[in-house]
Novice: 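Let me give you the structure first, and then I'll get to my questions.
Just follow the structure's listing: the first ligand is 1, and inside any ligand the first atom is 1. Just so it is clear, the structure is predicted and the values come from calculations on it, not from any experiment.
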Amino acid sequence: MIVGIDAGGTLIKVAYTEKGKVHFEKYPIAEIERVAGWVNGLGDCQVCVTGGKSGVLVSLLDQPAQEMVEFEATHLGVQVLLKEMDLLEDAYLVTNVGTGTSIHCIQDNVQERLGGTGVGGGTLIGLSHLLTGVTRYDEIVALASQGSRDRIDLKVKHIYEGKEPPISGELTASNFGQDLFSISSDLTKEELLATVIGLVGETVSTVSVQAARQCRSSTIVYIGSSFIDNPLLKEVVKSYTILRGSVPVFPDNGEFSGAMGAMSVLNKKTV
Ligand code: ATP
Ligand code: MG
C-alpha cells in the first residue's frame, strides 16, 4: 500500500492507494495518534508525510517515512487534480485556504510562494465561535448559508449617499462596518456567520487577485478544507475573483492536494 499524509494545523488529510484505487480520509489533528496507529497497523507499506505537523506524525510511526516540503507536495497534488480536469496550464496560482492562507505562483513547473494572509479557515471557525458560540464547522457553515450580510457589512453605496460612487456601489467598503451598536443584540447567528464567511472570502480573494499581478497567469486554483461543503465561501471567492478579472477554479478533492502530492512521489518511485 502507498500512503500520503498531510498533517496540517487543523486537519490530517490521508490519501492512499489500495489495489489500484485511491482513497481519501480526514481526521482532526487531535487524532494524530490514531492516524499513526492506523499506519503502524498496515504492515508492509510506503509512507510519505507532509504538512506542519509531519514531524510529530513521523515521531509516532514505527517505520521510517519519507518527509516532503508542504509547498512542493501541494504543487504536485494540484497538478494531478488539474490534469484530471483537463485544466492544466503552464502557469497558474494556487491559494490554499487552510487554517491560514498561503498563495503560490506556478510557472513552467516551478513553484514560488508569493505570500498569504492569516485570515483563513481558522479565522472562520474562531471568529464564528466568539460571535455566536457555535463550535462545529458543519453547523457554522449551514447556519451561515441562511444568513444575510446586509445589516452588518458597509457597502460603498452606503458611504456615497446621493452621489455616484467611483467604483461599484455593491462592493464591500467595510466588513462588519455598519453602525452595529444599536442593533448588536438583535443580530441573528445566521447573519453574523454569513458575515464572517464574507470577511474570510473577500480577504482571501482580494489578496489572491493582487498576487496574480506577480504571476503570468490569472487563473487562481483555490484549495483547502475551508471550501468543504461551504458553498457560501465558494460563492464569495468566485464572484470577487471574477469581478477582478481573474479565473477561479475549485478542484474536487482540492483539500487532499498535499496528501496526493506526497503519495504521488511514492508512486513515481515504484513505477
Ligand atoms: P494549515 O495548512 O494552515 O496548516 P490545515 O492543513 O489543517 O492547516 P485545512 O485542512 O486545509 O488546513 O483547512 C482547515 C479548515 O477547514 C478549518 O480551519 C475549517 O475552517 C475547515 N474545516 C472543514 N472541515 C472541517 C472539520 N470537519 N473540522 C474542522 N474544520 C474544518
Ligand atoms: Mg494544509
Side-chain angles (χ1 to χ4, degrees), residues 4-15 24-32 34-35 48-58 67-78 81 94-104 111 113-145 192-205 207-208 220-237 250-263:
I5 304 178
D6 173 9
T10 306
L11 298 173
I12 306 175
K13 280 74 62 182
V14 181
F24 298 113
E25 277 164 25
K26 57 181 181 301
Y27 305 88
I29 195 66
E31 292 181 22
I32 194 163
R34 195 176 137 211
V35 174
C48 182
V49 184
T50 191
K53 305 275 188 212
S54 58
V56 180
L57 184 58
V58 166
E67 272 190 79
M68 200 175 170
V69 177
E70 179 178 353
F71 301 156
E72 281 308 322
T74 305
H75 158 46
L76 283 181
V78 169
L81 292 174
V94 174
T95 294
N96 186 356
V97 189
T99 312
T101 300
S102 192
I103 302 170
H104 308 258
Q111 156 317 105
R113 186 174 189 272
L114 298 180
T117 165
V119 176
T123 316
L124 194 166
I125 296 185
L127 257 188
S128 293
H129 177 68
L130 288 174
L131 287 173
T132 65
V134 178
T135 308
R136 289 176 55 115
Y137 172 80
D138 52 357
E139 202 183 331
I140 290 169
V141 167
L143 289 169
S145 68
L192 289 162
L193 295 172
T195 313
V196 169
I197 290 187
L199 165 74
V200 172
E202 288 180 355
T203 304
V204 160
S205 41
V207 181
S208 299
I220 305 175
V221 181
Y222 290 101
I223 59 165
S225 308
S226 307
F227 294 107
I228 295 178
D229 296 327
N230 195 346
L232 183 57
L233 183 67
K234 270 191 188 166
E235 184 46 42
V236 172
V237 169
F250 298 91
D252 285 343
N253 293 319
E255 67 275 21
F256 290 101
S257 301
M260 280 176 64
M263 191 178 68

Novice: So, is I228 polar-close to ligand 1, with some N/O to N/O distance under 3.5 Å?
Specialist: no
Novice: Could you tell me if any non-hydrogen atom of E70 lies under 4.0 Å from any atom of ligand 1?
Specialist: yes
Novice: Just which atoms of ligand 1 are under 4.0 Å from any heavy atom in I125?
Specialist: 17 (C), 18 (O), 19 (C), 20 (O), 29 (C), 30 (N)
Novice: Counting both backbone and side chain atoms, is some N or O of G224 under 3.5 Å from an N or O of ligand 1?
Specialist: no
Novice: Counting both backbone and side chain atoms, is some N or O of T10 under 3.5 Å from an N or O of ligand 1?
Specialist: yes
Novice: I'd like to know if G100 contacts ligand 1, where contact means a heavy-atom distance under 4.0 Å to any ligand atom.
Specialist: yes
Novice: Just to be sure I read this right, does ligand 1 sit under 4.0 Å from the backbone of K13, its side chain, both, or neither, counting only heavy atoms?
Specialist: side chain
Novice: Do E31 and R34 sit within salt-bridge range, that is, some charged N less than 4.0 Å from a carboxylate O?
Specialist: yes
Novice: Assess S226 for proximity to ligand 1: is some non-hydrogen atom of it under 4.0 Å away?
Specialist: yes
Novice: If we ignore hydrogens and angles and just use 3.5 Å, is the side chain of S208 paired with the main-chain N or O of I103 as donor and acceptor?
Specialist: no
Novice: Under the side chain to side chain contact (heavy atoms under 4.5 Å, CB included) test, which residues partner V141, sequence neighbours left out?
Specialist: Y137, N230
Novice: Using a strict 4.0 Å cut-off to heavy atoms of G122, name the atoms of ligand 1 that fall inside it.
Specialist: 18 (O)
Novice: Taking distance alone, with no angle check, do D6 and ligand 1 share an N/O pair under 3.5 Å?
Specialist: no
Novice: Kindly write out the residues that satisfy side chain to side chain contact (heavy atoms under 4.5 Å, CB included) with S225, not counting sequence neighbours, or none if the list is empty.
Specialist: L11, K13, I228, E255
Novice: Taking the non-hydrogen atoms of P28, is any one of them nearer than 4.0 angstrom to ligand 1?
Specialist: no
